[in-house]
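Everything numeric in this text was worked out from a predicted model, so none of it was measured. These numbers come from the heavy atoms of this one structure, side chains and all, not from hydrogens, waters or symmetry mates. In what follows, chains are A, B, ... by sequence order, proteins preceding strands, each numbered from 1.
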Amino acid sequence: MSKILVIVESPAKAKTIEKYLGKGYIVESSIGHIRDLPKSAAEIPPKFKNQSWARLGIDVEHDFEPIYVVSAEKKSQVAKLKSLLKDVDEVVLATDDDREGESIAWHLYQELRPRVPVRRMVFHEITPEAIRKAIQNPRSIDQNLVEAQETRRALDRLYGYEVSPVLWKKVAPKLSAGRVQSVATRMLVERERERMRFRSATWWDLEGLFEAKGVRFPAALAELDGVRLASGKDFDAQGRLKDGAKVVRLAEGEARALAQALAGSDFRVASLEERPFTQRPYAPFITSTLQQEGGRKLGFSAARTMRAAQRLYEGGYITYMRTDSTTLSQEAMDAARKQVRSLYGDAYLHPAPRTYDKKSKNAQEAHEAIRPAGSTFRTPESLRAELGDDEFRLYDLIWKRTVASQMADARGRRTALRLEGAASDGRRATFSASGKTIDFPGFLRAYVEGSDDPEAALEDRETILPDVTRGDAVEARKLEAKSHATQPPARYTEASLVQALEAAGIGRPSTYASILSTIQDRGYAVRRGTALVPTWTAFATSALMEGNFGRLVDYDFTARMEEDLDDIAGGRKRRGPYLRAFYFGEGEGGLGLKNLVESRLETIDPREVATIEVPRLEGSGIEVRVGRYGPFLKRGEETANIPADLAPDELDLERAEELLRTAQGERVLGTDPGTGLPVLARAGRYGPYVQLGEDTPPAKTASLLPGDKLEALTLERALELLSLPRFVGKLDGEEVWAYNGRYGPYLKKGSDSRNLGSHEQLFTVTLEEAERLFQQPKARRGAKGPLRVFEYPDREPIELREGRFAPYLTDGQLNASLRSGEDPLELSAAEARDILGERGKPPKNAGKRPSRSAGTAKAAAKGKAGARKAAAPAKTAARKAPASRAAKGGKAATKPRAAAGSKPAEWRELQAYVGVLSDTERRLVTATRGEGRKVEEVAPELGLEVAKARGMALQASKKLNQALREARG
DNA sequence: CAGTGAGCGAGCTTCCGCTTGACTT
């Protein structure tokens, strides 16, 4: 008997199908994609490593030929499939019937290279008949569809891997950009910008409680003397009444006076309108709506909803949970209708089977809607005992929604009632009340959709009005003036962002949940309650993207891409030309990503990118910037960290001033008894420190030591820190001092120095210990020694040393760092030799450059290409290099000094270069540094604000130092 | 976003979309 191997994507699906197919069939799964472009350097096959395009995983020079690798976690599955292949006579590739599914089938074919016949087929429904029918109608792999997928993959890779590095260099390392996440982030940012520009308007009205025929009901003032009362929709986002709005706007006093004037008035029914309505049930669940309702009704995050759904699917309780199709199979339709009839009766059944149009853009519809599995739906109650809590609640939701989708419309009436009364001042007031009566609940018996807006949900409930007719008297029980305010547009929640992305055709059901975690993991958004609040980093990134890669964050970008992919799938376009236009800019309207990125790397000024526009701070001289240590405010030389829990739209001028006043972390600890000067704790660019005196420059500063916390610092400890350096004693006639330095604690004796083991030793080290330390050679090469030494008969020994970044190997000529997977303890001599041979490199700075300034180095490296714009790129480079180092968790220790080894220059040395300064700068520095006067005193004479003068003085000093360095060569 | 002296050495971060465990807590 012949055997057939059927390969599907999901193991759970494989299990189900195997049951239906029975003997003669082996059903296995690929577990999704089996191959992909290499993710990182470690996955790139060695033979491509030297190619300039290797980091992309796509040979952009040869028609965008992709490199595919079987990722580590799929290797065992691929091996399993290969071994199963040996014993079968035929292979059936039954992956999903969409672009990705077709591609998986093709990759399976490529990777497995079966020697037996291969057929491609698709199931749209998992029932014995449907599967048997599919098996009888095989087709071949659709190469155009595969090509469309490959195009999509390449475009996403090129976008992500070309643009992300721009962010690393201009904003912060490890950030990312991508077709989906960058648009998602932009949506959050744009909404927050609206909120930041928003000005609220307030108005007043009257709310009354009326009674007629024994029924009490609320009604609100709608008109005054026939003119409509202003309400929220009459105001614009600036809090102004819209042009041409013919309305009355009541102020508080007027509203209260009117309430008084109406007290005791007679009211009559002026009009009564009744309109019938019907309401259709909602479409069965797809991934996005399931996530939305899971969030609204159950309070689940998108990820939690999907975890529960996955378990339900694996247990065979529901159909596949990653779908964009609202279609129910015939089997499901029958089951739902049967259940409606038995649970609610024929009256509740919609006369004909209901179908729902696909509603999302770019839907691929490879699966059916999410619904209870099987041809008979099990009721939630019957599963109570066997399901976990989350699963039960989610199943209940799915079951209700599916059943409701086949039920009858709800029918009811909406009534609008208007009441009139005359005020004592002669004005005529009209109140309106609305009611809603459900005559026949239909599907509402089973399911009411949740809402993001609880107020709207409340209004949705049934409201009963008394059975009155025109002219009937109505009694006012209570009349109250009430204030209202317009609200800014609401922030996105996880659910509403998914909805917005889906509406724009961006992202796929399988990725919605991970999009949300990506933008949170990258620090573009944080959750506050259910709301997603964009961070300042998101503002900086989005502004960069909008200003420099506008087309890539266009909301229609994906939509246009999808059209092009459809053309490729339909054979009307080719992958090559399309990608060449996108990447190289060939052809009309081609984007030309490669050149765009190159030119933007030159032109984008990181300082500009780091500065964020905040409308409410315009003209105040206060800037918001994102720096290495997070967002901060800046006004001249004053700075203050912006607390993480302050949402961008909450930062107004008042708050900003307050933050600057009590600069975060900055506080006065007390007074130094010795000098009488105040002791301040502050957060600086090199971390927290304490400062003696309020002047600029302060009398003294000292960094906090590793165990110290800025928030918990005491005056006592601060004074201790400020007491450094400590005089330890005299050795050989020279003074020994204990310093806390850039590279840690150390002892200094004349021009000689030694590291100390711990910071506490600064306070405890004795002269005897110091003497011993100075007797030992300097703690460099010899002191630490290699971790291990590998010896070889035929070559120099190789040493394994502890490095600043990671352990590394060296033989004196070549060095190579160990990578994450390589254990320094497990390493063998042979491996060490291989590693050094494979990627050993001679030291870069073999004692050539006097300056380690990154700015100089980068500018120099740019050489010919950058010569034209030498000034601008140099500035760029100077800032970005320290940024990338610092963010790695390295402290100030790795910051390069502009001029190694130079001491702060003396004024008399600098004086010679005042020619490089402007007139004002020169007068300022001469007065402060030359004559020792205070900035506060000099500033008014020069017509400057003190803060500005401080900044100028600092700039001037930098210029002078720069000039001095240049002169020294 | 403060100032406080030394120096061998790097390699990586990142995309979107298809799928589950294998890990630990």
Chemist: Examine A:Arg157 relative to A:Tyr161 and say whether NZ or CZ is less than 6.0 Å from the centre of the six-membered ring and inside a 45° cone about the ring axis.
Modeler: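 Yes, A:Arg157 lies over the aromatic ring of A:Tyr161.
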Chemist: Of the options B:dA6, B:dT4, B:dT13, whose atoms approach the side-chain atoms of A:Tyr746 most closely?
Modeler: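 When the side chain of A:Tyr746 is considered, B:dT4 is the closest of B:dA6, B:dT4, B:dT13.
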Chemist: Could you tell me the separation between the CZ atom of A:Arg55 and the P atom of B:dC12, rounded to a whole number of Å?
Modeler: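 For the pair A:Arg55 CZ and B:dC12 P, the rounded distance is 13 Å.
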Chemist: Could you tell me which residues satisfy side-chain hydrogen bond (donor to acceptor under 3.5 Å, both in side chains) with A:Thr95, sequence neighbours excluded, listed by chain and number?
Modeler: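 For A:Thr95 the side-chain hydrogen bond (donor to acceptor under 3.5 Å, both in side chains) partners, ignoring immediate neighbours, are A:Arg120.
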Chemist: Tell me every residue that passes salt bridge (Lys or Arg N to Asp or Glu O under 4.0 Å) with A:Glu9, counting only those two or more places apart in sequence or in another chain.
Modeler: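 Here no residue qualifies.
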Chemist: Given atom OH of A:Tyr808 and atom P of B:dC8, what is their separation to the nearest angstrom?
Modeler: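 For the pair A:Tyr808 OH and B:dC8 P, the rounded distance is 9 Å.
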Chemist: For A:Leu660 and B:dC1, what is the distance between atoms CG and P respectively, to the nearest whole Å?
Modeler: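 The answer, rounded to whole Å, is 15 Å.
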Chemist: What is the distance, rounded to the nearest whole Å, between atom CD of A:Glu799 and atom P of B:dC8?
Modeler: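 Value for this atom pair: 14 Å.
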Chemist: Tell me every residue that passes salt bridge (Lys or Arg N to Asp or Glu O under 4.0 Å) with A:Lys49, counting only those two or more places apart in sequence or in another chain.
Modeler: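 Per chain and number, A:Lys49 pairs via salt bridge (Lys or Arg N to Asp or Glu O under 4.0 Å) with no residue.
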Chemist: Under the ring-ring contact (aromatic ring centres under 6.0 Å, His included) rule, collect the residues that match up with A:Tyr746, sequence neighbours excluded.
Modeler: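 Only A:Tyr739 meet the ring-ring contact (aromatic ring centres under 6.0 Å, His included) criterion with A:Tyr746.
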Chemist: Taking 5.5 Å and 30° as the limits, would you call A:Tyr689 and the base of B:dA2 a stacked pair?
Modeler: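 By the stated criterion, A:Tyr689 and B:dA2 stack.
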Chemist: Taking only residues two or more places apart in sequence, or in another chain, which ones meet A:Asp564 in a side-chain hydrogen bond (donor to acceptor under 3.5 Å, both in side chains)?
Modeler: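 Scan of A:Asp564 (side-chain hydrogen bond (donor to acceptor under 3.5 Å, both in side chains), adjacent residues dropped) gives A:Lys573.
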Chemist: Spell out protein contact along nucleotides 15-25 of chain B as letters: B when the base is contacted, S when just the sugar-phosphate is, - when no protein heavy atom is under 4.0 Å; keep the 5' to 3' order.
Modeler: BBBBBS-----
Chemist: Rounded to whole angstroms, how far apart are NZ on A:Lys49 and P on B:dG11?
Modeler: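 Distance check: A:Lys49 NZ to B:dG11 P gives 11 Å.
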Chemist: Base, sugar-phosphate, or nothing: which does A:Leu155 touch, judged by heavy atoms less than 4.0 Å apart?
Modeler: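 Answer is nothing: A:Leu155 stays at 4.0 Å or more from every strand.
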Chemist: Starting at atom CG of A:Asp811, determine the distance to atom P of B:dG9, rounded to an integer number of angstrom.
Modeler: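 Distance check: A:Asp811 CG to B:dG9 P gives 14 Å.
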Chemist: Does any donor atom in the side chain of A:Arg322 or A:Thr287 lie under 3.5 Å from an acceptor atom in the other side chain?
Modeler: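 On atom types as modelled, these side chains do not qualify, holding no pair under 3.5 Å.
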Chemist: How long is the line joining NZ of A:Lys174 and P of B:dG11, in whole Å?
Modeler: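 Checked: the NZ to P distance equals 16 Å.
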Chemist: Let's test your reading of the pairing rules: Watson-Crick or G-U wobble, both distances under 3.5 Å, then write DNA chain B as a dot-bracket string with ( ), [ ], | and dots.
Modeler: .........................
Chemist: Tell me, please, which residues at least two apart from A:Tyr313 pass side-chain hydrogen bond (donor to acceptor under 3.5 Å, both in side chains).
Modeler: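 So A:Tyr313 forms a side-chain hydrogen bond (donor to acceptor under 3.5 Å, both in side chains) with A:Ser10.
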Chemist: Under the rule for side chain to side chain contact (heavy atoms under 4.5 Å, CB included), what residues qualify as partners of A:Glu735, not counting sequence neighbours?
Modeler: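 Scan of A:Glu735 (side chain to side chain contact (heavy atoms under 4.5 Å, CB included), adjacent residues dropped) gives A:Phe727, A:Lys730, A:Trp737.
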Chemist: Under 4.0 Å, heavy atoms only, any strand: does A:Pro165 hit a base, just the sugar-phosphate, or nothing?
Modeler: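 Base contact.
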Chemist: Could you tell me the separation between the CG atom of A:Leu809 and the C1' atom of B:dA10, rounded to a whole number of Å?
Modeler: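 Spelled out: CG on A:Leu809 to C1' on B:dA10 is 13 Å.
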